[in-house]
Amino acid sequence: MNDIKLALLGSEGAGKTALLVRFLTKRFIGEYASSANSFYNKRMSIDGRQLNLEIFDPCSQSGSSRCILEESASWADGFVLVYDISDRMSFLHAKMTVVFFLVGNKQDLCNARQVHGEEGRSLAQEHACHFQEVSAAEDYLEIYNLFTKLIRRVMENLKHRADRRRYSGSKSMAKLINNVFGKRRKSV
Ligand SMILES: Nc1nc2c(ncn2[C@@H]2O[C@H](COP(=O)(O)OP(=O)(O)OP(=O)(O)O)[C@@H](O)[C@H]2O)c(=O)[nH]1
């Protein structure tokens, strides 16, 4: 079983919990009475592999964003940074954060749009990360696809990291063997 840890980041009210609840339960719940950070667990299978997903949904009121970012950075394998397309401040906040997946939420509020899709796309390009606009209020499938895409990316990353560790481990073992036996050979 693979353990995958994801964290949601973004301004207060951007819709982080709404997106996550939509992904986990297929439902949109309008209001959440939460004043604490939450961890969610989900078991799922992607590409035939069993996964144990842990998702961190920080509560904006429970600490400074710097603290949340630091906590998440040392814990998570992947990040979703969410902003609200009808709240420019949430996008300016997103601009100051390094991300993996950038998500413009509340696409249904296009009549109150303050951030153009192009701006989101170009910010994502700057950070070389994936970008998507969604609506937690209206979509399920798009949000499901977004999370599974991120999970696949994280799995690839973890595999790549493990391969590199194995390679550098075998390289340093080769160096050690060379140091011990190579010298002897020289003196013969
Ligand atoms: N119209 C619309 N409203 C949304 C959408 N997603 C979330 N909301 C609303 O936005 C408000 C904030 O949503 P939350 O999910 O609590 O936002 P959050 O980012 O988790 O907020 P904090 O926990 O305070 O950081 C709620 O009133 C939601 O109903 C969406 O896609 N469209």
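Sequential numbering from 1 along the given sequence is applied to the chain's residues. In listed order, ligands and their atoms are each counted from 1.
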Original post:
So is Gly13 polar-close to ligand 1, meaning N/O to N/O under 3.5 Å?
Top reply: yes
Original post:
For Asp3 and Asn52, does a side-chain donor sit closer than 3.5 Å to a side-chain acceptor?
Top reply: yes
Subject >> Numbered atoms of ligand 1 (with element) below 4.0 Å of Leu109, judged on heavy atoms >> reply: 1 (N)
**OP:** Cation-pi check, Lys42 to Phe147: give yes when NZ or CZ is under 6.0 Å from the six-membered ring centre and within 45° of the ring axis, no otherwise.
**Re:** no
Original post:
Taking non-hydrogen atoms only, is Thr17 closer than 4.0 angstrom to ligand 1 via side chain, backbone, both or neither?
Top reply: both
Original post:
For ligand 1, which atoms have a heavy atom of Glu12 less than 4.0 angstrom away?
Top reply: 24 (O), 25 (O)
**OP:** In plain terms, say whether Arg121 and Glu118 are close enough for a salt bridge, that is, a side-chain N and a carboxylate O under 4.0 Å apart.
**Re:** yes
Subject >> Any N or O of Gly30 closer than 3.5 Å to N or O of ligand 1 >> reply: yes
**OP:** Give the atoms of ligand 1, by number and element, whose distance to some non-hydrogen atom of Ala18 is under 4.0 Å.
**Re:** 6 (N), 7 (C), 15 (O)
**OP:** Report yes if some N/O of Asp108 lies less than 3.5 Å from some N/O of ligand 1; otherwise report no.
**Re:** yes
Subject >> Ser86 near ligand 1 by a heavy-atom separation under 4.0 Å >> reply: no
Original post:
Less than 4.0 Å between a side-chain N and a carboxylate O, is that true for Lys5 and Asp77?
Top reply: no
Original post:
So, are Glu119 and Arg88 salt-bridged, with charged N and O less than 4.0 Å apart?
Top reply: yes
**OP:** Would you mind listing which atoms of ligand 1 come within a distance below 4.0 Å of any non-hydrogen atom of Asn105?
**Re:** 5 (C), 6 (N), 7 (C), 31 (O)
**OP:** Could you pull out, from Glu138, Arg22, Lys106, the option with a heavy atom nearest to atom 11 (C) of ligand 1?
**Re:** Lys106
Original post:
Any salt bridge between Asp47 and Arg152, counting N to O under 4.0 Å?
Top reply: yes
Subject >> Any side-chain donor near an acceptor of the partner, Thr17 and Asp57, under 3.5 Å >> reply: yes
Subject >> ligand 1 atoms in contact with Ala14 (distance to a heavy atom under 4.0 Å) >> reply: 17 (O), 19 (O)
Subject >> Ion pair Arg113/Glu133, N-O distance below 4.0 Å >> reply: yes
Original post:
Would you say the side-chain atoms of Ser86 pair up with the backbone N or O of Ala112, donor to acceptor, closer than 3.5 Å?
Top reply: no
Subject >> Gly10 to ligand 1, any heavy atom closer than 4.0 Å >> reply: no
**OP:** Return yes or no for this condition: an N or O of Ala137 is under 3.5 Å from an N or O of ligand 1.
**Re:** yes
Subject >> Atom indices of ligand 1, in the order listed, that fall short of 4.0 Å to a heavy atom of Ser11 >> reply: 19 (O)
Original post:
So, does Arg22 use its side chain to make a donor-acceptor pair with the main chain of Ala137 at under 3.5 Å?
Top reply: yes
**OP:** Answer side chain, backbone, both or neither: which part of Leu19 comes under 4.0 Å from ligand 1, heavy atoms only.
**Re:** neither
Subject >> Contact (N/O only, under 3.5 Å) between Phe28 and ligand 1 >> reply: no
